[in-house]
Participant: 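Please find one structure pasted underneath; my questions will follow.
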Amino acid sequence: MLKIYNTLARDKQDFKPIVANTVNMYVCGMTVYDYCHLGHARVMVVFDMVYRWLKASGYDVTYVRNITDIDDKIIKRAAENKESIHTLTQRFIDAMHEDADALGVQRPDHEPRATQYVPQMLEMIAKLESNGLAYQAADGDVNYAVRKFDGYGKLSGKSLEDLRAGERVEVASDKHDPLDFVLWKHAKPDEATEVQWGSKWGKGRPGWHIECSAMGTHLLGQHFDIHGGGADLQFPHHENEIAQSEGAHQCQYVNYWMHNGFVNVDKEKMSKSLGNFFTIREVLKKYDAEVVRFFILRAHYRSPLNYSDTHLDDAKSALTRLYTALKGAGNVDLPVQDGVDWNEPHAQRFKAAMDDDFNTPEAVAVLFDLANEVNRSQSAEAALQLKALAGVLGLLQRDAQEFLQGDAGENGLDDAAINAQIEARLAAKLGKNYSEADRIRKELLAAGIVLEDTPQGTNWRRA
RNA sequence: GGUGCGAUAGCAAAGCGGUUAUGCCCCGGAUUGCAAAUCCGGUUAGCCCAGUUCGACUCUGGGUCGCACCUCCA
């Protein structure tokens, strides 16, 4: 039985889908005005892992991850770049897909863009207004009247009084209450027509929170199983989503709320505002994408994850061990489908770990135990099982040789040059000229090439 | 100030009231011409103070420290 830590309950709970064998899942995606950083990589990889595990568990999953393609920052950036909103967002959506693909993240079943769901948002705002939860302020904005919604604060555990106490300096606005949030922003005179939609409240554009409520509802229904996102979205974003959706539909919105931890740098949250972020593509210049994926999955999704080159190096060494085991066992190459023998002890431990709130560190530990067995027994079956289990996490699916030898890179030696050196070394070895053989090996090592002599000949890999 | 989360060996990171986590690093042995890889073995833990218990890293209480949210943020 799968257990999921539900932020709503602040506890692990048995997972019971609304409709048997079916899971509807929504995850808050990116606001596309810049390249994704490692924090974004974590959300994508973590929920990709969840998606894969649910499917591996036999559920028919519909996974939605939205794209926010209309927002203040996007408008600002487009203006700075002197380009249209559409050009800007499309460029970064393409970049996001490139990054996600590299990390082995499967495409969600739906990737709705906010700009394509404005009618649904307006419809929802109208419902809120007729339910007495929304009002148009003097400045033209339509706001949500937070105090009219009873359950406000149930997700984040905040009371309205607490929020008041911590209230920061506010920009002057016509909100009835400082805690009210915007559903519909009235158009400003200097804004491009591209960011204006007509509505019964006048021209304008949607607020951030209503986007997710409308898209989630439209694609998954008024009540669905899982909603995920970064821990920083818990408040106010997800709290507001609940207020909107439950306020409009008068029924429970989501059963299980999942939040992943941050990627930290020097123990501090990686973020745009702190400027301490590394973009995915930046990191991928230095590290193999699978190493990055492994780095993310070997930590529990709710724990903080500290980023540093040292940690990536460590992850690389560890992943190398797994691939080495596969290579040693003849690099078994069979389809992943139906590959896992779930009755086998390692698979059972793996499943138990994954069913325990997606405990990937434990599941990865099982992979290492299996690798040890593969190395000891040289059993093709064990190797197959290792590859199949790792495949459930989206790992170890490449040709082992290819992973271990990697790319030559900018100034690296190419395969031909390496093989020529290996030949030369072999000749020296046959002539018992070990000092020459060792010199060649040392030279290659300095170039980042590690040699391994085996009874079948000399193998090489990139360090 | 309010709320929440965390503190495990050199580093990273899990489970568990009593029995080896796991990976990287380090040490010894096997193997190797020597290495590398691999195997076998080993060293290094549980922030502090109380309490519960036959027994606590694991439960309870207090403290200390760190982080996050309370504002856009994955």
Participant: For Q234(A) and rG2(B), give me the distance from atom CD to atom P, rounded to whole Å.
Facilitator: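 Between P of rG2(B) and CD of Q234(A): 19 Å.
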Participant: Would you mind telling me which of rA74(B), rU22(B), rA36(B) lies closest to the side-chain atoms of T31(A)?
Facilitator: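 Closest of the options to the side chain of T31(A): rA74(B).
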Participant: I want to verify a distance call: between rA14(B), rU71(B), rG4(B), whose nearest atom is closest to the H300(A) side chain?
Facilitator: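 Of rA14(B), rU71(B), rG4(B), rA14(B) is nearest to the side chain of H300(A).
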Participant: Measure CG/N359(A) against C1'/rG23(B) and give the value in whole Å, please.
Facilitator: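 N359(A) atom CG is separated from rG23(B) atom C1' by 15 Å.
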Participant: Between atom CZ in R302(A) and atom P in rC67(B), what is the gap in whole Å?
Facilitator: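 In whole Å, rC67(B) P lies 21 Å from R302(A) CZ.
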Participant: I need the CD-P distance between E239(A) and rC72(B), as an integer number of Å.
Facilitator: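 Spelled out: CD on E239(A) to P on rC72(B) is 14 Å.
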Participant: Reckon R376(A) has a side-chain N or O less than 4.0 Å from the OP1 or OP2 of rC40(B)?
Facilitator: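 For R376(A), the contact criterion (side-chain N or O under 4.0 Å from OP1 or OP2 of rC40(B)) is met.
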Participant: Closest approach of D177(A) and L179(A), non-hydrogen atoms and distance?
Facilitator: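 Taking D177(A) first and L179(A) second, the nearest heavy atoms are OD1-N, 2.8 Å.
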Participant: Any side-chain N or O of S308(A) less than 4.0 Å from the OP1 or OP2 oxygen of rA12(B)?
Facilitator: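 Looking at the OP1 and OP2 atoms of rA12(B), neither is under 4.0 Å from any side-chain N or O of S308(A).
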Participant: More than 12 non-hydrogen atoms from neighbouring residues, nucleotides or ligands closer than 6.0 Å to CG on D266(A), yes or no?
Facilitator: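 No, the 6.0 Å shell around CG holds no more than 12 heavy atoms from other groups.
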Participant: Rounded off to whole Å, could you give me the CG-to-P distance for the D369(A) and rA21(B) pair?
Facilitator: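 So the two atoms are 12 Å apart, to the nearest Å.
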Participant: Using the rule for Phe, Tyr, His and the six-membered ring of Trp, do Y434(A) and rG33(B) stack at under 5.5 Å and under 30°?
Facilitator: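 The base of rG33(B) is stacked with Y434(A) (centres under 5.5 Å, planes under 30°).
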Participant: So does N375(A) get a side-chain nitrogen or oxygen closer than 4.0 Å to the phosphate oxygens (OP1/OP2) of rC39(B)?
Facilitator: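 It does, given that an N or O in the side chain of N375(A) lies less than 4.0 Å from OP1 or OP2 of rC39(B).
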